[in-house]
Every structure is written in structure tokens, then in C-alpha cells.
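FYI, the numbering just counts along the sequence from 1. Counting starts at 1 for both ligands and their atoms, following the listed order. Please read all numbers here as calculations on a predicted model, not as lab measurements.
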Amino acid sequence: MLRIDDKLRPVLDDVVRRNAGEPEFLQAVTEVLESLGRVVAKRPHYLDNALIQRLCEPERQIIFRVPWVDDEGNVQINRGFRVQFNSALGPYKGGIRFHPSVNVGIIKFLGFEQTFKNALTGMPIGGGKGGTDFNPRGRSDGEVMRFCQSFMTELFRHLGEYTDVPAGDIGVGGREIGYMFGQYKRLTNRYEAGVLTGKALFHGGSRARTEATGYGATYFVERMLATRNASFDGKRVSVSGSGNVAIYTMEKVMEFGGIITACSDSNGYIVDEDGIDLDLVKEVKEARRERISEYVRLKGGRSHYVEGGSIWNVPCDVAMPSATQNELTGNDAKTLIKNGVIAVGEGANMPSTPDAVRLFQEAGILFAPGKAANAGGVATSALEMQQNASRDSWSFQQTETRLATIMHDIHDRCAETAEEYGAPSDYVLGANIAGFVRVAEAMDALGVI
Ligand code: GLU
């Protein structure tokens, strides 16, 4: 890992001073600023007009009360957030997370990452993120609906197809997007399909959007493996998580001939030496909304469940962390390296700690950072916006082909940028610099705003 360039040190010091108590946000900013030393050495004009300082400060942050009534008739209060980080390249774009851990620092880190990720896609989308500390676990369908309606009752005034376009993230899938779209439509009296992505097909959703993040991460890693004449074929692959990203990562890895041996949820992980039965995972997680331990109860055979502990103790050739931030620590990285991992592809946002990233890179392991590898979800959201704008609906095949091309382009742009800046195969550097340059150019041309 690089150290901060002297010219960027005051920028980081200022960000640290102004955002105390937001470790995830500071982690994300530090990683990007570490990569930018080589850019400002080559192109010092990026230090002008406080451009980098402006890039580290969200354009707008909205925090609001979300009151709702639970099934017992009690009034519950949650906190809602929307961080509109950067709109130099297009309307703010990024998901909404429902998880009890959500706070303003987490939404800021996600919005910051999203800005670079969205720039990397090459599509006309700015960066933003939203969320709430509402915990959907164990809540009835009616409670989730009333929560979504209350959340949108404040958020709607900040959105619009040309202003800010949310989508899903952890805890927010098609059901929640449907409830939020319904409330938006009711409040505005507009059928404005382009205001949210991840919609159902009959509301103007895009085919392949559900699959896109996981499929995209797999396309990215397959192309990265090819740089070393390797592929997923016959490889043992561990995918942490068992939500939307993990499920469709597993599906595409299997299509590429990989063998999924382990996946997880926040309670523990499962190992199946016969290869994970994905239909059963979908049944447990998507249809029944149950814990992953149910898989072992239903499947038996050579599968087993480990409560707690780390999925990264399971030996694998390729690791795809697809659960949440900082889930893969330095110790996990050491174990994976000892067990012979050859590549790591981040399906989640910032799932590897800085220590873990450093260890992978020092060991010469191929490492694909989330802001590049998981960009397929938001890229397909941008395709959904295109379909909404033209009132069109593309086939699955057409959409997936576009997604594959976008992921290959992102891969190649990161690899070429890393090469250009003297760090071949450093996808962290390549992604940070390529994303930064696109946003910086767009900001610069708008003047000081
Ligand atoms: N939440 C996803 C992400 O982290 C998707 C965002 C979107 O489609 O707008 O990129």
C-alpha cells in the first residue's frame, strides 16, 4: 500500500478533522488519496481550485425522521439518510441500505465509493447513497410496506429522474423498491419510472438488473484471471454472503465452471464439498427468507454449518467477498494466502480491510476492488434509466451482453491505468485513478461549484 503524498497530506488532515467518528468514510478517502499521489505528480493542475477537497465533501446530506406504526400498534422511529455526493457526471445515483448498522459515516463512505464506481462505468451518473437504521429482519410484510412509505414520504422531495435516482442495497430488493415507487407515484402524481431502479419489469424495470452485480463481478474476475492465463474452470470458490450479490455471483461462477464450496450469512457459514446447490440457497434465502443454516438441515449429505467463525478459513482458489464492509480482515487474508488463494474479487463495497488489501497485494495475488468489480449493478441501473427514457424494454440477452462489455471495459481501463502509472496489475490504483480522472475532468469543466 502507498503512503500519502506530501501535497495531499493537508487534504487528508482536513477530511480527518471534519469527519471525526466516521471510520469507514475516512478509510475510503484514505485509500483513494493514497492512489492519487501519482496523478498529481503527473498532472499538478488537479491540485488547483481545491478540487480534491471538494470531491471529498458531499454536495448535500439529508437526515430525516422516519416514524411508522408496527403490527402491535406501537410508534417506531428510525433515522433516514440520503447523501448526494457528486453530480458532476449525472444525477446522483446509488442504492438505499436498510440495516441496523447504518449511520451517516457509513452512508458517506458508500456515496464516496459510488462516485468513483459510477465514473468507472463510463455512464452519465453521479454518486449518492441512502439508507436507514431500520432492521427488516423479522418484520412482517405490512411493517416493511409502512416503513417504506414513511421513508419515501420525506425522501421524495429530494429525488427525480434528473436529480437523484436511488436503487437497492443491503436489505432493499424488489419488494421494497416497489413500495417506495408506489409511494413516490402517489405523492407526485407522476408515473416517473426513471426515478428508481431495480423495479419490477411491469413498472419499467430492466431484465438482468437482479443478476447484474454478481454476474458483473464474475465477468470482471474471469477477465482478470485471464491476464494470468487462468479461469474459473475447475476452481474452488468461496462467496461470502447469501443475498442478491452472492447468489448471482455463485450462479455465474458455476456457469464458468467454478465449484462453489462455501457461502454464509451474518450468523455463520456453510460448506458443501459436493458444491453448493444454488436452487436450495435461493429457496432458503429468497423464497423463505430464512437463515443459511437451514440449507444444511434440508440438504444433509457432505454439507455442514459453522456458527460464527470466518468463511475465509475454508480453503479456496478464488474468494469473492460479497457480504458487507470490512468482513475480510488481515488475519483472514493471511489464512487465504496460506491456503493458496490466487484471486480475490470484491462483490460487496469495501469488504476487505486495508490490512487485507496490503497483504494480498504484497503476496502478488490478483485483487479486484469493489468499486470496479461490483460496478455491474449500478451500470445495469443506468441501462434501466436508458430504457425508461426511451420507453423501451430490452431482452435479457441484449442487457447481459451490454453488461459483459461494460465489465470488460472497466477491467481493461483499470489495468491500463495501473500500467500507465507504473503499477501493473494494481487494480486498486487503476480503479481509483481512472475513476478520479473522469470525475475530476467533469468537475473542473463546471467551474468552482
Ligand atoms: N447498491 C448498489 C451499489 O452499491 C447499486 C446501486 C444502484 O444500482 O444505483 O452499487
At the 4.0 Å heavy-atom cut-off, does Lys117 count as touching ligand 1?
yes
What atoms of ligand 1 come closer than 4.0 angstrom to any heavy atom of Gln114?
3 (C), 4 (O), 6 (C), 10 (O)
Can a donor-acceptor pair be found, under 3.5 Å and without considering hydrogens, that links the side chain of Asp265 to the backbone of Ser242?
no
Answer yes or no: is there a donor N or O on one side and an acceptor on the other, between the side chain of Asp164 and the main chain of Gly128, under 3.5 Å?
no
At a 4.0 Å threshold, what atoms of ligand 1 neighbour a non-hydrogen atom of Ser381?
7 (C), 8 (O), 9 (O)
How about Glu24 and Asn326: does a side-chain donor come under 3.5 Å of a side-chain acceptor?
no
Could you tell me, atom by atom, which parts of ligand 1 come under 4.0 Å of a heavy atom of Lys129?
1 (N), 3 (C), 4 (O)
Shortest heavy-atom approach to atom 5 (C) of ligand 1 - which of Lys93, Met385, Arg209:
Arg209
Under a 4.0 Å heavy-atom limit, does Lys371 contact ligand 1 with its side chain, its backbone, both, or neither?
neither
Check each of Met320, Glu113, Glu346, Lys117 against Asn374 using the side chain to side chain contact (heavy atoms under 4.5 Å, CB included) test, and report the only one that passes.
Lys117
Suppose I only count heavy atoms of Ala167 and a 4.0 Å limit; which atoms of ligand 1 are within that range?
7 (C), 8 (O), 9 (O)
Is the shortest N/O to N/O distance between Gly168 and ligand 1 below 3.5 Å?
yes
Which residue owns the protein heavy atom closest to atom 6 (C) of ligand 1, what's the atom, and how far is it?
Gly95 N, 3.5 Å
Is a side-chain donor or acceptor of Arg65 paired with a backbone partner of Ile77 at a separation under 3.5 angstrom?
no
Phe85 and Phe112 aromatic ring geometry - parallel, tilted or perpendicular at 30°/60° bounds:
perpendicular
Hey, what do you get for CG (Leu36) to CZ (Arg38), rounding to the nearest 0.5 Å?
11.5 Å
Within the 4.0 Å heavy-atom cut-off, what Asn349 brings close to ligand 1 is side chain
